[in-house]
Number of protein chains: 2
Amino acid sequence: MSHMVYACLMAVDPDHVLRSAAALLTRKSTATMDEVAKAAGISRATLHRLFAGRDALVRALESLGIAECEAALDAARLDEGTASEAVRRLVRAIEPAAGLLAFLYTENQLFEGEEQNPGWTRIDDRISALFRRGQLSGEFRIDLTPAWLTEALYGLLASGAWMVHSGKGAPKDFQHMIVELLLGGALRREES
Amino acid sequence: MSHMVYACLMAVDPDHVLRSAAALLTRKSTATMDEVAKAAGISRATLHRLFAGRDALVRALESLGIAECEAALDAARLDEGTASEAVRRLVRAIEPAAGLLAFLYTENQLFEGEEQNPGWTRIDDRISALFRRGQLSGEFRIDLTPAWLTEALYGLLASGAWMVHSGKGAPKDFQHMIVELLLGGALRREES
DNA sequence: ACCATATGAGACATTGATGTCTCACACGGG
DNA sequence: CCCGTGTGAGACATCAATGTCTCATATGGT
């Protein structure tokens with residue numbers, strides 16, 4: 001049957017290309033398509049066959065980031081245990097994606113005016129719901145809105161990723177730094 | 001005396017141009033020189049006479065950001081009162097510059113590899129010293145390093161500026177949101 | 001009134017990234 | 001063994017932003 005699709009095994013792995021691009025753009029957000037291709041070990045032509053342009057590549061990275069984020073949200077089981085424990089699990093689960101998230105966070109302001117991917121809203125809502133749950137259970141203070149706590153978490157994740165990336169902090173401290181500051185703050189707790 | 005410098009009063013105000021550029025680039029970090037010029041109410045030619053190129057403009061904005069930051073540090077009198085009060089004053093004083101800071105923060109990774117302005121180190125040191133003072137006085141916990149607290153403050157300032165800019169938060173809540181989270185954390189304090 | 005100076009408008013070349021194309025080649029299945 | 005398919009390499013046009021230039025004009029001091 002001449003019309004059959006011959007699944008030639010020479011095909012490059014789009015996911016691997018995407019991961020390479022994410023790793024590169026996380027460090028150098030202005031990297032060229034050429035640099036992205038080289039980083040992935042493929043030619044610019046092939047890269048362009050996979051993603052119809054830089055825009056499409058960024059969109060694909062956005063989808064990847066959203067998917068990883070939602071996977072982390074699932075893995076963290078935000079509904080189980082105390083809200084504090086859930087936040088702790090969330091930060092731990094989201095750590096591998098923090099660099100990509102930070103990149104997309106800055107890149108997103110390029111899309112200002114355009115419609116934004118509804119995935120971000122879903123993620124915002126789930127995290128906000130977690131903080132709201134903590135407030136309703138009496139764990140979290142109520143003078144800070146869930147929206148702000150969510151935004152603050154993003155900022156701290158970016159700062160944490162930056163600390164690790166710049167070598168000023170160890171990856172093993174990532175979760176502790178973020179969670180302790182987000183939940184406990186800088187003030188020394190009274191000895192209870 | 002024909003060699004005298006005739007101070008023609010037609011000269012545009014470089015500082016006003018810089019402020020306009022800061023205001024624009026804070027919202028749209030990819031604005032072109034043409035847009036920057038229009039935003040400042042001058043022609044592209046004049047803009048180019050004031051700043052020899054986009055690079056020079058960004059450098060000038062960096063200097064402006066550093067100057068505003070250091071002015072805020074001075075105004076906050078970090079050595080007076082408790083460290084908490086000093087942090088509160090600092091966030092309040094630095095609020096007008098937060099947008100510019102966020103822009104420079106993302107733009108700085110473009111300069112990676114090159115030498116960075118020593119002003120940032122000075123600022124980092126002064127803020128770190130404040131947190132260290134709080135730790136030595138027993139106000140702040142000691143398991144979070146001053147470097148991390150400083151970086152976290154930057155992240156929260158960026159998040160706060162984003163909240164205000166996107167309309168999701170009121171400017172009047174800026175200081176409260178940041179300071180309360182940075183110092184107190186999300187956890188509800190025990191009734192003392 | 002005159003003139004020096006700064007500005008605005010626009011033309012122009014340059015640069016860098018991008019998108020598109022062709023062609024040679026290597027691989028793998030038939 | 002042969003051929004189809006995907007890939008790499010590179011040429012090429014395009015486009016946007018930039019940097020540089022000239023010239024007319026307005027302004028303000030003398």
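Within every chain, numbering begins at 1; the chains are lettered A, B, ... in the order of the sequence lines, protein sequences first and strands thereafter. Just the heavy atoms: all of them, side chains too, but no hydrogens, waters or symmetry mates, feed the values below.
Using a distance-only test at 3.5 Å, with no hydrogens or angles considered, a donor-acceptor pair links the side chain of Arg133(B) to the main chain of Leu78(B). Between the side chain of Glu180(A) and the main chain of Ala186(A), no donor-acceptor pair closer than 3.5 Å is present. Of the possible donor and acceptor atoms, one in the side chain of Arg89(B) sits under 3.5 Å from a partner among the backbone N and O of Ala76(B). The backbone N or O of Ser84(A) sits less than 3.5 Å from a side-chain atom of Glu139(A), completing a donor-acceptor pair.
Rounded to whole Å, atom P of dT18(D) lies 11 Å from atom CG of Asp55(B). In this structure, the CG atom of Asp34(B) is 13 Å from the P atom of dA11(C), given to the nearest Å. For the pair Leu57(B) CG and dA17(D) P, the interatomic distance rounds to 16 Å; values are reported in whole Å. Across the protein-nucleic acid pair, Lys28(B) atom NZ and dA17(D) atom C1' stand 12 Å apart, rounded to whole Å. The interatomic distance linking Leu47(B) (CG) with dT18(D) (P) rounds to 10 Å, in whole Å. Protein atom CE of Met33(B) is 9 Å distant from nucleotide atom C1' of dG19(D), rounded to whole Å. The interatomic distance linking Arg54(B) (CZ) with dA16(D) (P) rounds to 17 Å, in whole Å. In this structure, Leu50(A) places its CG atom 14 Å from P of dG19(C), rounding to the nearest Å.
Residue Thr46(A) places at least one side-chain N or O closer than 4.0 Å to OP1 or OP2 of dG8(D). Between dA17(C) and Thr32(A), a contact under 4.0 Å exists linking OP1 or OP2 to a side-chain N or O.
Nearest heavy atoms, Val164(A) versus Ala170(A): CG2-O, 4.0 Å.
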Under 3.5 Å between N/O atoms: give me all the protein pairs with nucleotides 20-25 of chain C, atom names plus distance.
none

(request) Any chance you could lay out the side-chain contact (heavy atoms from CB on, under 4.5 Å) test for Asp34(B) and Leu47(B), step after step, and finish with the verdict? (result) CA-CA 9 Å; Asp34(B) 208 74; Leu47(B) 175 61; over 6 Å; no
(message) Thr150(A) vs Ser128(A), test: side-chain hydrogen bond (donor to acceptor under 3.5 Å, both in side chains). Steps then yes/no.
(response) CA-CA 6 Å; Thr150(A) 303; Ser128(A) 290; 3.1 Å; yes
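Comparing the end axes of the helix from dA1(C)-dT30(D) to dG30(C)-dC1(D), each fitted to five base pairs by superposing C1' atoms of four pairs onto the next four, gives an inter-axis angle of 10° (nearest 10 degrees).
Looking at Ser29(B) and Glu107(B), their side chains never bring a donor and an acceptor atom within 3.5 Å of each other.
Partners of Asp74(A) by salt bridge (charged side-chain N to carboxylate O under 4.0 Å, His left out), not counting sequence neighbours, listed by chain and number: Arg126(A).
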